[in-house]
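The structure under discussion appears below in the form of structure tokens.
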Amino acid sequence: MTANEQTRVITRADVARLAGVSSAVVSYVINDGPRPVAAATAERVRQAIEVLGYRPNSSARALRRGVGDTIGLVLPDSSNPFFAELALEIQRLAAASGRAVLLASTTGNQRHENRVIEGLLSRQVEGLIVRSDAAHRDPFTTIRADVPAVLLDTMAPIPGRRSVGADLRAGADLLVEHLIAEHGLTRVGLIMGEDQSGLADPRELGWRDAQRRHGLPEGPIARGVFSRPGGYAAMQRMLATGKPPQAIFASSDVQAIGVLRALHEAGVRVPEDIALVSFDGTVEVEYSWPPLTAAQQPVAQIAREAFRMITDPGPDDVYRLIPTELVIRRSCGCAAEPTH
């Protein structure tokens with residue numbers, strides 16, 4: 001084989017010539033239609049593709065179809081364990097269906113989020129799955145999306161949009177109810193992420209629901225960024241009041257890790273002095289010490305539902321909440337092995 005032959009791009013016509021079929025038949029095999037191909041013929045085409053090392057031009061297919069075989073996934077912070085687990089599940093689903101995922105992080109910046117979405121649309125993605133920088137905001141009010149789009153973790157239904165996520169309010173209620181009913185803890189503090197929308201976060205509402213149901217006054221609240229340093233600083237402020245609660249509900253796993261460090265540094269034992277529970281239920285809190293009791297978000301179900309809404313879109317106005325699961329570990333005061 002000459003140098004020119006080694007560098008020449010293999011074309012669909014080359015595959016057709018080796019397999020003894022037309023280029024159209026090669027196209028039908030690659031695209032699984034629109035016309036059926038006899039099994040023996042399809043096998044010859046696949047063998048020719050393997051021998052020649054032919055790679056279909058996905059960009060050309062995208063131009064012909066108007067969309068590509070790629071899903072755009074937009075997240076605030078792909079290093080957050082919850083978002084990382086969610087992205088992995090979506091990538092698995094995409095790979096199983098012959099699609100790829102373009103993942104972009106917005107760092108929680110609205111202007112950057114808009115640029116990211118516009119950039120993905122310009123790449124002719126098949127659909128968009130977006131966790132907006134603010135869970136109450138519809139990013140498509142100023143951006144026209146001519147492909148299916150799904151919003152994740154919206155605080156409430158957004159008219160004309162498909163959205164899916166965990167039932168945050170019920171999950172928070174479940175955690176605080178466990179602390180009150182099972183452990184008799186009547187002063188439960190909240191480490192809550194900051195939100196500039198002015199809307200109450202569903203996790204905060206669930207924390208309040210459980211206390212009101214038992215006729216308890218609300219415990220103290222300290223707010224901070226949804227991050228490890230944010231949880232750390234918020235817990236330090238709460239400890240500095242000199243009136244720490246009996247238990248802490250951290251509104252995310254990453255905050256809970258920061259809370260745990262602040263408690264350890266202050267010589268506060270978990271759960272002997274202060275119990276600690278968190279929301280998300282990622283692997284991060286499974287391997288903390290002590291392992292944290294958590295409301296576990298149904299990551300696989302959220303991913304499947306969001307992916308289905310993209311690849312088999314139904315009505316535009318769908319709001320799907322999926323229940324969380326209480327995972328009991330040592331941090332709440334339960335000494336048993338983890339249970340669900």
Side-chain angles (χ1 to χ4, degrees), residues 80-83 86 131 134-136 152-157 163-195 197-227 230-231 234-235 238 245-260 270-271 274-282 284-286 292-299 301-302 319-329 331-334 340:
N80 180 301
F82 169 67
F83 293 132
L86 183 62
R131 170 50 164 90
H136 65 282
L152 300 177
D153 282 344
T154 55
M155 290 187 182
S163 60
V164 60
D167 191 337
L168 306 183
R169 184 169 185 169
D173 187 329
L174 193 65
L175 276 172
V176 180
E177 174 67 24
H178 177 76
L179 292 172
I180 297 169
E182 297 299 324
H183 296 284
L185 303 174
T186 58
R187 183 171 158 81
V188 181
L190 172 66
I191 302 297
M192 187 67 230
E194 294 174 333
D195 191 305
S197 69
L199 300 175
D201 188 285
R203 286 162 290 195
E204 183 172 336
L205 296 178
W207 169 76
R208 288 176 174 156
D209 290 342
Q211 293 172 99
R212 288 174 181 167
R213 190 165 53 249
H214 288 273
L216 299 174
E218 288 184 4
I221 302 178
R223 301 184 190 276
V225 178
F226 278 111
S227 66
M235 191 66 242
M238 190 175 288
Q246 296 170 306
I248 293 290
F249 165 41
S251 61
S252 72
D253 282 356
V254 290
Q255 284 184 315
I257 295 301
V259 168
L260 196 57
V270 179
I274 295 180
L276 174 62
V277 297
S278 70
F279 201 99
D280 285 337
T282 62
E284 181 145 335
V285 297
E286 183 179 354
L292 301 189
T293 291
Q296 188 172 61
Q297 295 215 49
V299 172
Q301 287 179 265
I302 293 172
Y319 182 57
R320 175 87 192 279
L321 286 181
I322 304 174
T324 61
E325 185 176 12
L326 178 63
V327 180
I328 297 173
R329 300 192 179 98
S331 67
C332 63
C334 291
H340 295 262

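Only a predicted model underlies this, so the values are computations on that prediction, with no experimental measurement involved. Reckoned from all heavy atoms, side chains included, excluding hydrogens, waters and symmetry mates. Sequence positions, counted from 1, serve as the residue numbers for this chain.
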Verify side-chain contact (heavy atoms from CB on, under 4.5 Å) between M192 and Q255, making sure each step is shown before the conclusion. CA-CA 8 Å; M192 187 67 230; Q255 284 184 315; 5.9 Å; no
Are the side chain of S251 and the backbone N or O of I191 linked by a donor-acceptor pair below 3.5 Å? yes
Side chain to side chain, H178 and C334, heavy atoms closer than 4.5 Å: yes
Shortest non-hydrogen separation from A234 to A222 and the atoms involved: O-CB, 3.4 Å
If we ignore hydrogens and angles and just use 3.5 Å, is the side chain of S278 paired with the main-chain N or O of S252 as donor and acceptor? no
Of all heavy-atom pairs between I274 and A247, which one has the smallest distance, and what is that distance? CG2-CA, 3.9 Å
Between S331 (side chain) and T293 (backbone), is there a donor-acceptor pair under 3.5 Å? yes
Grab the two heavy atoms, one from V259 and one from G231, that are nearest each other, plus how far apart they are. CG2-O, 3.6 Å
Between F82 and D253, is any pair of side-chain heavy atoms under 4.5 Å apart? no
Interatomic distance, L168 atom CG to D173 atom CG [nearest 0.5 angstrom]: 12.5 Å
On a heavy-atom basis, the closest approach of A256 and L276 is O-CD2, 4.0 Å
Return the minimal non-hydrogen interatomic distance between I302 and A166, and the atom names on each side. CD1-N, 3.8 Å
Separation between CD1 of I248 and CG of L179, rounded to the nearest 0.5 Å: 10.0 Å
Where do W207 and I221 land on the side-chain contact (heavy atoms from CB on, under 4.5 Å) test, with the steps shown first? CA-CA 11 Å; W207 169 76; I221 302 178; 3.4 Å; yes
Could you list the residues that satisfy side-chain hydrogen bond (donor to acceptor under 3.5 Å, both in side chains) with R208, not counting sequence neighbours? E204, E218
Before you tell me yes or no, could you show the steps for D209 and R169 under side-chain contact (heavy atoms from CB on, under 4.5 Å), namely the whole-Å CA-CA distance, both residues' side-chain angles and the distance that decides it to 0.1 Å? CA-CA 9 Å; D209 290 342; R169 184 169 185 169; 2.7 Å; yes
Let me know which of L86, D167, D153, T282 forms a side chain to side chain contact (heavy atoms under 4.5 Å, CB included) with Q297. D153
Working note: Q296 + T324, criterion side-chain contact (heavy atoms from CB on, under 4.5 Å); need CA distance, chi angles, decisive distance, verdict. CA-CA 5 Å; Q296 188 172 61; T324 61; 5.9 Å; no
N/O donor-acceptor pair under 3.5 Å between Q211 side chain and G219 backbone: yes
Identify the heavy atoms of Q246 and T186 that sit nearest to each other, and give their distance. OE1-N, 2.7 Å
